[in-house]
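Every chain is numbered from 1, with letters handed out A, B, ... down the list of sequences. A quick note: this is a predicted structure, and the numbers were derived from the prediction, not measured.
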Amino acid sequence: MNSTLLAHLNPEQLAAVTLGAEPGLILAGAGSGKTRVLTTRIAWLLSQGHVGPGGVMAVTFTNKAAKEMQTRLAAMLPYNVRGMWIGTFHGLCHRFLRAHWKAAGLPQGFQILDSSDTVAAVKRVIKAMNLDEERFIPKAVAHTIAHWKEDAARPKDVLARDPQEMKMVEIYAAYDAQCQREGVVDFAELMLRVYELMRDDAALRQHYQARFQHILVDEFQDTNKLQYAWLKLFAPPGGRGAVFAVGDDDQSIYAFRGAQVGNMHAFEREYGVRRLIKLEQNYRSCGHILDCANHLIDHNQKRLGKTLRTDAGQGEPLRVFEAPSDFEEARWVLEEAQSLHRGGLARAEIAILYRSNAQSRVIESALFNAGIPYRVYGGLRFFERAEVKHALAYLRLLENVNDDTSFLRVVNFPARAIGARTVEQLQDAAKASGRSLWQSVSALSGRAGVSLQKFIELIEGLRRATEGQTLRAIVEHVVEGSGLAAHYRSDKDGAERLENLEELITAAESFVTQEGFGKDAVALPVDELGVNGQLGPGLTPDADTGEIMSPLAAFLTHASLESGENQAIAGADALQLMTIHAAKGLEFDAVFLTGLEEGLFPNERALQDFDGLEEERRLMYVAITRARKRLHLSLAQSRMLHGQTRYHVRSRFLAELPEASLKWLSPKQGGFGSGFERDYANAWQRGSGLSGVVGAGRGGEARGGWPAPKPAAWQQAVAAPVPKKAEHDSGLRVGQAVFHNKFGEGVVLTLEGAGADARAHIQFGRHGAKWLALSVAKLTPI
DNA sequence: ACCCTAGCGGTTTTT
DNA sequence: CCGCTAGGGT
């Protein structure tokens, strides 16, 4: 390793990188060089001879982050990084289970279910148990089961409190049994199996605890209960293995899917962290942007505490715009973005962020009509597409005929006259004999038996024909031989699906050839995998290649573990549209943060959760810190949502930003009815003890080296008349003070619906916020 | 076996 | 408002 790598680090980064073999907790602020610290530390440990490549484990949450780490490390180190255990929690668990499949009680060729496969599998269980799918909604049940697994609870460990829950536990047990029978594991199972194996097998535990001398965990604030427990088995507190945990409690935005920020506190305490290292020097954003981020997050109570600073200049104040409607908000964003682009900024360096996906629609249509290129992130990923899943199901049957999920998916697709009746009979036969659908085909006679037999012959024919072929040839042959290609060729709008199948063939080809892509999963040096040179019994790597599973099996695993790009089409310079969640970890020269309205952001439903407001605020913090040079905030007084026009007040987050860093492009006062600011502030103070909207003021004038936007159409539009406050047909206005006989004084937060359905969300002093039906509630304007 | 339509629900999401 | 799903009709 080049010693200049250390020379470029700031003192805190250097302290983190060169920390000894002791537990380390690194509080890494946004844009503080977190990935750099992680990779430089690994390089430093290796180059100093503190550890060999086999003694390092680095864990991330996403494949993208893992890949990034590997790439950067490869550039720093003179030798091959392949032997190192760098990957996602799930990816590493998978690797572990491939080596120890037997001890884990799995078949050698086990496959992985993705979330939609899991729901489908749960649904089959519910059907087989003759339960009502209204009462036991497959998706919800699958979610509950995953939750139990993340609590390390097997069916016998779950404490069911009512009959409904008892039944759910029964489904859980039946589901696990079904997975076992079919040789498949879901995502949560990957983690749980490894956890249980490490917990219960002392020899294995001792081996791995001795082996991994340094374990580095990225995004530690996102770990769930099971992941932390898992980690403690690999490197228990006080043991020889040193855990280096990097995270940012202020960027914890995944509590809703089980992340426990508390793991950071727990880690500090349980591992006896001697010194908490804070990376507060920010290398990304200008001063005004950081001032806003710091001020905002300061409103959170539960923090480890951290303040970002920068050596860069203040840059330009944030531009803030309050539009009369979502339509006009979109138009403003478009004009501003265009003007930035004309000023020399690439479109791909401009992000438009929103809290929920539904908000993208109006922005998209504005951009579409104006002919401005844009790209929306989110939606279906490559391996989640129906046609791709179909092809994968055929491929999985080649590997494992007992995979009932795949069997059911394609037994009659493309249509081959195997109807629901036939499938039902087959399922009954399978249930009666406790065997797989495939194995039960022989039990059926008559026409049904014949058509099923034909399907079996089709699969067996495919297997014979592809034996010994390259992965690409196998996939190609299956796409054709299954009839999928023909089916989409004859479909009038099957062109895109055909293209995706072509893409799948290409993906299969590059999976095998691309270094560090598929190879890691397939071929690993023997001593990197097992315990004292011993692999799982029966696991025999190919002598030449070191392959421990067939390329096909590896490819199928890859497909489940990495669902692929959100959108494959790159290329054209386009504006980047995404949710704030999707933007985490990314950065842009300019960011538009839209929909800053109470109810939307902070999101009304999120506020119901414990700590909901603080998580929403962290989300706002993440959004702000994505911007390098320019940040634009906007909101709409009225918005079309779920088919009705809704009226919202300004997000409280706007009031939590420093006035000096904001430049209001719409009048800050006057847009609302008179007295709104005071009433709203009072209501908040009385109702929730939170500070309200502060007085008016204008930010400083733009300066710095960034191109100033040219005057745009909207500027004339906004400069002249004060936008008239949108009025609801009940005669009420958002922000208006009202009196209710029972609840007293309040302020209207949201208005929606019309006529008999008209409703208002009103913030009352001590009674809190309430939804009232306007046809019933007696409200007096005050 | 497939197509159409009524009905429902609509925060965020990776593996 | 709009997209997905289940279930019924042909």
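Considering only residues two or more places apart in sequence or on other chains, Lys232(A) meets the salt bridge (Lys or Arg N to Asp or Glu O under 4.0 Å) condition with Glu270(A). Taking Ala146(A) as the reference, nothing meets the side-chain contact (heavy atoms from CB on, under 4.5 Å) condition, with sequence neighbours excluded. For Glu189(A), the salt bridge (Lys or Arg N to Asp or Glu O under 4.0 Å) criterion is met by Lys149(A), Arg154(A), Arg193(A), not counting sequence neighbours. Looking at residues two or more places apart in sequence or on another chain, you find no ring pair (Phe, Tyr, Trp, His ring centres under 6.0 Å) involving Tyr394(A). Residues satisfying the salt bridge (Lys or Arg N to Asp or Glu O under 4.0 Å) criterion with Glu133(A), sequence neighbours excluded, are Lys127(A). In terms of the salt bridge (Lys or Arg N to Asp or Glu O under 4.0 Å) criterion, residue partners of Lys584(A) (sequence neighbours excluded) are, by chain and number, Glu219(A), Asp222(A). The side-chain contact (heavy atoms from CB on, under 4.5 Å) check on Leu607(A) picks up Pro602(A), Leu613(A), Arg652(A), with sequence neighbours excluded.
Here, dT5(C) and dT12(B) have their C1' atoms 23 Å apart, quoted to the whole Å.
For dT14(B), the OP1/OP2 oxygens have no side-chain nitrogen or oxygen of Thr88(A) closer than 4.0 Å. The shortest distance between the side-chain N/O atoms of Asn603(A) and the OP1/OP2 oxygens of dT12(B) is not below 4.0 Å.
Residue Phe61(A) contributes atom CZ, which lies 11 Å from atom P of dT15(B) at whole-angstrom precision. To the nearest angstrom, P of dA1(B) lies 11 Å from CZ of Arg447(A). Rounded to a whole Å, the CG atom of Leu226(A) is 17 Å from the P atom of dT15(B). Between the CD atom of Glu424(A) and the P atom of dA1(B) there is a distance of 13 Å, rounded to whole Å. Atom P of nucleotide dT14(B) and atom CZ of Phe383(A) are separated by 15 Å, given to the nearest angstrom. Atom CZ of Phe187(A) is separated from atom P of dT15(B) by 8 Å (rounded to the nearest Å). The separation between Ile580(A) atom CD1 and dT13(B) atom P is 10 Å, rounded to whole Å. At whole-Å resolution of the value, CD in Gln359(A) and P in dT12(B) are 9 Å apart.
Ring-to-base geometry places Phe256(A) in a stacked arrangement with dT12(B) (centre distance under 5.5 Å, plane angle under 30°).
Between the side chains of Thr62(A) and Lys67(A), no donor-acceptor pair is found at a separation under 3.5 Å. At a cut-off of 3.5 Å, with distance as the only test, a side-chain donor of Thr223(A) or Asn263(A) sits close to an acceptor on the other residue. No side-chain donor from either of Gln260(A) and Tyr228(A) sits under 3.5 Å from a side-chain acceptor of the other.
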Can you tabulate the close N/O pairs, meaning under 3.5 Å, that link protein atoms to atoms of nucleotides 5-10 of chain B?
residue : atom : partner   : partner atom : Å
dG10(B) : N3   : His642(A) : ND1          : 3.2

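Backbone-only contact: Ala415(A) has heavy atoms under 4.0 Å from sugar-phosphate atoms and none from a base. In this structure, Asp186(A) reaches neither bases nor backbone, as no heavy-atom distance under 4.0 Å exists between it and the strands shown. Counting non-hydrogen atoms under 4.0 angstrom, Ala188(A) reaches nothing in the nucleic acid. Residue Lys149(A) is classed as having no contact, given no heavy-atom separation below 4.0 Å to the nucleic acid. Residue contacts shown for Asn224(A) are absent, as no nucleic acid heavy atom lies under 4.0 Å away. Asp114(A) comes within 4.0 angstrom of nothing in the nucleic acid, heavy atoms only.
Distance from the side chain of Thr62(A) is smallest for dT15(B) among the nucleotides dT13(B), dT12(B), dT15(B). Comparing dT13(B), dT12(B), dT15(B) by their closest approach to the side chain of Arg381(A) singles out dT15(B).
In 5' to 3' order, the nucleotides of DNA chain C bounding all contacts with chain A (an atom under 4.0 Å from a heavy atom) are dC1(C) to dA6(C).
Comparing Gly419(A) and Leu619(A) by the nucleotide of DNA chain B whose heavy atom lies nearest to each, the residue mapping closer to the 5' end is Gly419(A). Toward the 5' end of DNA chain B, the nearer of the two residues Ile418(A) and Asp609(A), judged by each one's closest nucleotide, is Ile418(A).
Between the base of dT14(B) and the side chain of Ser115(A) there is no donor-acceptor pair shorter than 3.5 Å.
In Phe256(A), the CZ atom is crowded: over 12 heavy atoms of neighbouring residues, nucleotides or ligands sit closer than 6.0 Å.
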